[in-house]
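Worksheet: one structure, shown below.
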Amino acid sequence: VSRTRAPAALAVPAIAAVALVVLPLVYLLLRAAGGGLDVLEVLGRPGTLTLIAKTFALVAAVTGTAILVGLPLAWFVVRTDLPARRLIAIAAPLPLVIPSYVAALALLGAFGPRGLLQQLLEPLGVERLPEIYGFVGAWLALTLSTYPYVFLLTGAALRGLDPALEDAARGLGRTRWALFRRVTLPALRPSLGAASLLVALYTLSDFGAVSLMQYDALTRSIYLQYRSLFDRTPAAVLALVLVTFAAVLLVLEERSRRRVRASASGAARPPKTIPLDRWRWPAFAFCGAAVGFFLVVPLSVLVYWTVRGFELGHGIDVAWQAALSSVSVSALAAVIAVVAVLPVALLAERYPSRWTRTLERLGYTGNALPGIVIALSLVFFTANYLTPLYQTLALLVFAYVVRFFPQALAGVESALQTVHPRIEEAARSLGHGPVRVLATVTVPLIRRGLLAGAALVFLNAMKELPATLLLRPIGFETLATEIWKYTALGSYSRAAPPALLLILVSAPFVYLLAARRGSDVSAPG
Amino acid sequence: MRKVLVLAVAALLGVAAGCGGDDDAGASDKLVVYSGREEELVKPLFDRFEQETGIDVEVRYGDSAELAATIAEEGDNSPADVFFAQDPGSLGAVEREGLLAELPQAALDRVPARFRDPDGHWVGTSGRSRVIAYNTDALTEDEVPDSVFDLTDPKWKDKIGIAPTNASFQAFVSAMLLELGEERTRAWLEGLKANDPKRYEKNLPVVEAVAAGEIELGLVNHYYLYLAKEENPDAKVANHFLTGEDPGALVSVAGAAILETADHADAAQRFVEFLLSDPSQRFYVDEAEEAEYPLVAGIDAKPGLPPLDSLEGPQIKLDDLGPELEKTLELLNEYGFTT
C-alpha cells in the first residue's frame, strides 16, 4: 500500500463529488436546525424508539436472508456442477430490476388475502392464508429486491478467488465444509460486507415495500410527516435518525473490512468446479425454489394482471417512448456516477488514510435517505439558487447520481480490490506519475468493475420513482412514472404492462452484469 | 472501444434531450399546473381547456401532499401557476405558507360557501362524500350502520376496513375532532380499535376487500366504488350514505388555487373559471368514470347518487381540517392506527 500523499488531481474531484452527494444532509441539518428545541421533542417521543427498533429488526432480517439466499446461489452457480446453472445464473439476479413497490404489490397479489394462491386453494377448503401484511410481507418483498446484490458481488468475488488457496487446504485433508468455512468464506468477506451494506441501506431507505405492506419503518413515518404538511422539522429529524443508523453500519463495515484487506491475488486461472455428487438435486431444488419464489411468482402475477386487463378490454399501449426515456436518463446517470465515484474509490483504496476513508464513507450516507427527502432537498437548492437547472433533465440525472452513488462506489471498489497495488508500483518504477498510472494501468484493469458499478446504477435509476416525479421536466414520462400513474389509481391491470416492460428492458443489463467474465460461467469443466 | 463509448454517450444525450419534449424557451408562455389529481381522471379537462382557449398547458402530476411540500420548498421561485389538488389540506398548507393569490369573487361565487376557502385563496372544483361501503352478499343496506358511532359495536369486530394513513380518512377524523371534540373522538377511536379494523394503504383496496368479502364494511369516499367496478364489474359492493351531521357524512372537495407568484396569472384565472364552468362541471356527471359531485348549482350528480344538497355532514369549515391534521395524526398514532 502506497504511503505517499494523495495527489491533488484525485483529491479535488473526489471532494467535489462527495460534497455534492451530501447536499441532502445539508438540507436536513438546515431544516432540523430551524426546528430548535422541537428536535429533542421528536427524538423523545415514545413512538420514535419503537420506529427505530422496528427498522432495526427489518434491516437485520432482510440482510440475513439476502445473504442466506444470495450467497449459496452464487456459490452453486459459480463453483459447482449444479444442473442448469447457466439458466439460474441469468434468472437469479433478475429480481433486482423489479421496483420494490411492484414486488410488494405482486406478492400481495399472490399471497394476499384475495390473492391468486387463495383463489387456487379455495376449492380445497382453505379460507384464510397466514397474514402477509406487516413484518413478514415487508421482509419478503425487500429480500426479493436485495438478495441479487449479494448474489452479484459475492459471485464476482468467487470467480476471482485464487484456487491455490483451496488446493493447499485440500492438500491438508480438510473436508469440503471446512474448506468453505476456513478458506472461501474469509476470502469473500469484503464482497459480502459491501453487499450487506447495500442491502441494509436499501432496506433503510425503502418506502414502497414498507408502505404497501403496512410495516412501520422510519421511512413510512417520514412520508407521513411530509403528508401532514405542518412543520418539516419532525421529518427532517427522523431522516437524520436514518442517517445516524447508516453511519453506524458504515463504521461497522469499515472495521470488518480492515481486518481482511488485500487478500486478492489476481488469480490467473479459473477456480475448480466442485462436484456436488448426491447433493446435486437438493442444491438444484434450493436454487429452483429461490428463483421460483422471488422471480417466477411476481412475474406470474404481473402476467395475470395483464391478461385480466385484456379481458376487461384495455387496449395494448406499449410505452416505448417511456422505455426509451428511462433507458437514456438511466444510462447517462450510470456513466456519470461511475466517473464521479472513480476518484473517491481510487483515493480510498490507494491512499488509505483517515480522511480518504471518511470521504468514501460519506459517499454512502445519502443512500439511507428515502427518495422523497433527496428530491425535496434538490428542489430546495435548485429552485432557489440554481433556477435555470430546476426541473431539467440535467437535474434528474444528477438526482440519480446522488441517490445511487453508493451502488457505483461498491462496484468500482470491489473491482479495485482485485488489482494488486504492486502492478501499479511496477508501472511507477518505470517513471510514470501516480495519476498517469491510475489512468493508463489501473482503470483499464478494472473496466469490468466499472461496468458492474454502472449497471447497478442503471438498474436502480430505471425503477426510481419519488425523485423522478418531482424533478423531471414536465411531460417527461419514464416507465416508473407510467406504472405509478396506474398504481396511484389502484388499477393493477393497467400498471402491469409497463411493469413487465420495465423488467423486459432491464433484463439484458442484468445479463451483462451476471455474465461478466462470461468465460468463467461457461460449461463446467 | 473508446470511440463507441463516446458515440453512445453522445447519442444518449441527444435522445434524452429529445425526450424532454419542449425546449425551455417555449415553456415560459405555457400555463404550468401542478396536479395532485391523477392524469387518468383529469387529462380530458386539460385537453378541452387547451382546445377552447388556445392556451398551452403543462401539467406536473404527483401526489397532492408531495406537490404542496414541493411548492413550499420552491417558495417564491415556484414555476407553478395553478395548484390543482386532491384535498383542502394540501391547498391549505400552501395557503399558510402565504403562497396563494386571492381568487376573483365571481369564480368563488360559483360554488356554495362551504366548499371554498373563507379567505378566497382556493375553491372546490368537485365533491366527494364519505360513505360506508358494504358487501352486498353479507349485508342488506338496512343492516349497515347509519352512524360511524355504531361501528364500535362488538358485532363488527374484524369486519371493518379503514385506510388510516390516507388523507381522506384523516380528514374525516379531523372533522370529528372539530365537531365533537377530543373526548368523543378518543372514545370512538378506542371503540374502533377494540373491533380490530383491518388497515389498508388506500381507499380502493378497502373497497376491493369489501367486495371480496374479506371485510363487510369499509370507511371510504363514495367514488372508489366506481373505480372498483371498472376493474371488476361484478364486484359485490355498494355505498351507504350517512345522513345528518354525522362526521361519517363529511363532504370534502378537490380544489384549485392560483400561486401568488404565477407568471401567467390571467391564463391561471381563466383555467380556474374553466374548471367551474357548466360544461366542465358536467364532465364529472357525464364522462368521468369515478362519479364525483359537481359543485355548481343547477348541475345534478350522476343518477343513483343522492343529491348534493341532501348531504349535510358535520358543521365544520373545510379550511379548518388542515390545521387539525397534526392533532389527528397524534391521536391516530397514540391509538396505534398509524403507529
Side-chain angles (χ1 to χ4, degrees), chain A residues 45 47 50-51 54 113-114 133 211-212 214 216 220-221 223-232 308 312 321 324-325 327-329 331-332 335 372 375-377 379-380 383-384 387-388 390-393 397 466 469-470 472-477 481 484-486 488-494, chain B residues 8-9 12-13 15-17 19-22 24 27 32 38-41 58-63 65-70 72-75 77-79 89-90 92-93 165 167 170 199-205 208-209 212 214 224 227-228 230-233 322-323 325-326 329 333 338-339:
Chain A
R45 286 178 197 170
T50 319
L51 280 178
K54 286 192 150 185
R114 288 152 290 141
Y133 285 109
S211 78
L212 285 162
Q214 303 172 17
D216 300 303
R220 189 160 172 234
S221 188
Y223 266 74
L224 278 180
Q225 294 292 345
Y226 275 117
R227 298 259 151 95
S228 83
L229 297 167
F230 272 86
D231 157 16
R232 277 160 280 171
R308 203 180 58 181
L312 289 171
Q321 179 63 44
L324 187 64
S325 299
V327 170
S328 39
V329 279
L332 264 179
V335 171
I372 183 80
L376 285 175
S377 69
V379 166
F380 171 74
N384 291 304
T387 322
Y390 187 50
Q391 293 175 345
T392 59
L393 278 178
V397 170
L469 277 180
L470 295 185
R472 63 185 165 151
I474 285 177
F476 185 79
E477 300 288 347
T481 64
W484 168 83
K485 199 189 283 182
Y486 301 113
L489 286 170
S491 178
Y492 305 141
S493 57
R494 287 192 245 202
Chain B
V9 171
L12 282 173
L13 276 166
V15 170
C19 296
D22 322 289
D24 285 354
V32 179
E38 288 94 349
E39 181 169 359
E40 281 301 294
L41 303 183
E58 291 205 313
V59 191
R60 170 172 299 278
Y61 293 98
D63 171 87
E66 284 175 27
L67 288 175
T70 302
E73 292 294 357
E74 290 168 344
N77 290 308
S78 180
S90 302
T165 56
Q170 292 165 359
R199 298 193 279 154
Y200 300 85
E201 194 61 21
K202 289 185 173 137
N203 281 300
L204 189 58
E208 287 173 340
E214 187 184 330
Y224 289 97
L227 294 174
E230 166 90 356
E231 265 307 89
N232 176 11
L325 184 59
E326 194 165 23
L329 285 177
N333 194 21
T338 58
T339 289

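All chains are named by letter (A, B, ...) in the order of the sequence lines, taking the proteins before the strands, and each is independently numbered beginning at 1. Heavy-atom basis, side chains included; hydrogens, waters and symmetry copies ignored.
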In terms of heavy-atom proximity below 4.5 Å to chain B, should A:L376 be classed as side chain, backbone, both, or neither?
->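 For A:L376, heavy atoms of backbone and side chain both lie under 4.5 Å from chain B.
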Identify which part of A:R472 has an atom lying under 4.5 Å from any heavy atom of chain B, answering side chain, backbone, both or neither.
->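 For A:R472, heavy atoms of backbone and side chain both lie under 4.5 Å from chain B.
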Options A:Y486, A:Y390, A:Y492, ranked by heavy-atom pairs under 4.5 Å with chain B, top entry |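 The answer is A:Y390.
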Quick one: which of A:T481, A:N384, A:V379 has the most heavy-atom pairs under 4.5 Å with chain B, could you say?
->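 Of the options given, most contacts go to A:N384.
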Atom pair [atom1]/[atom2] of [X] and [Y] - distance to nearest 0.5 Å:
{"X": "A:I474", "Y": "B:Y61", "atom1": "CD1", "atom2": "OH", "value": "10.0 Å"}
{"X": "B:R60", "Y": "A:Q391", "atom1": "CZ", "atom2": "CD", "value": "3.5 Å"}
{"X": "B:E66", "Y": "A:L470", "atom1": "CD", "atom2": "CG", "value": "5.5 Å"}

Look at B:V59, B:N77, B:L67, B:N232 and state which one has the largest set of heavy-atom pairs under 4.5 Å with chain A.
->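 The residue among B:V59, B:N77, B:L67, B:N232 with the greatest pair count is B:N77.
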Does any heavy atom of chain A fall under 4.5 Å from the side chain of [X], the backbone, both, or neither of them?
{"X": "B:A228", "result": "neither"}
{"X": "B:A209", "result": "both"}
{"X": "B:N203", "result": "neither"}
{"X": "B:Y224", "result": "neither"}
{"X": "B:E38", "result": "side chain"}

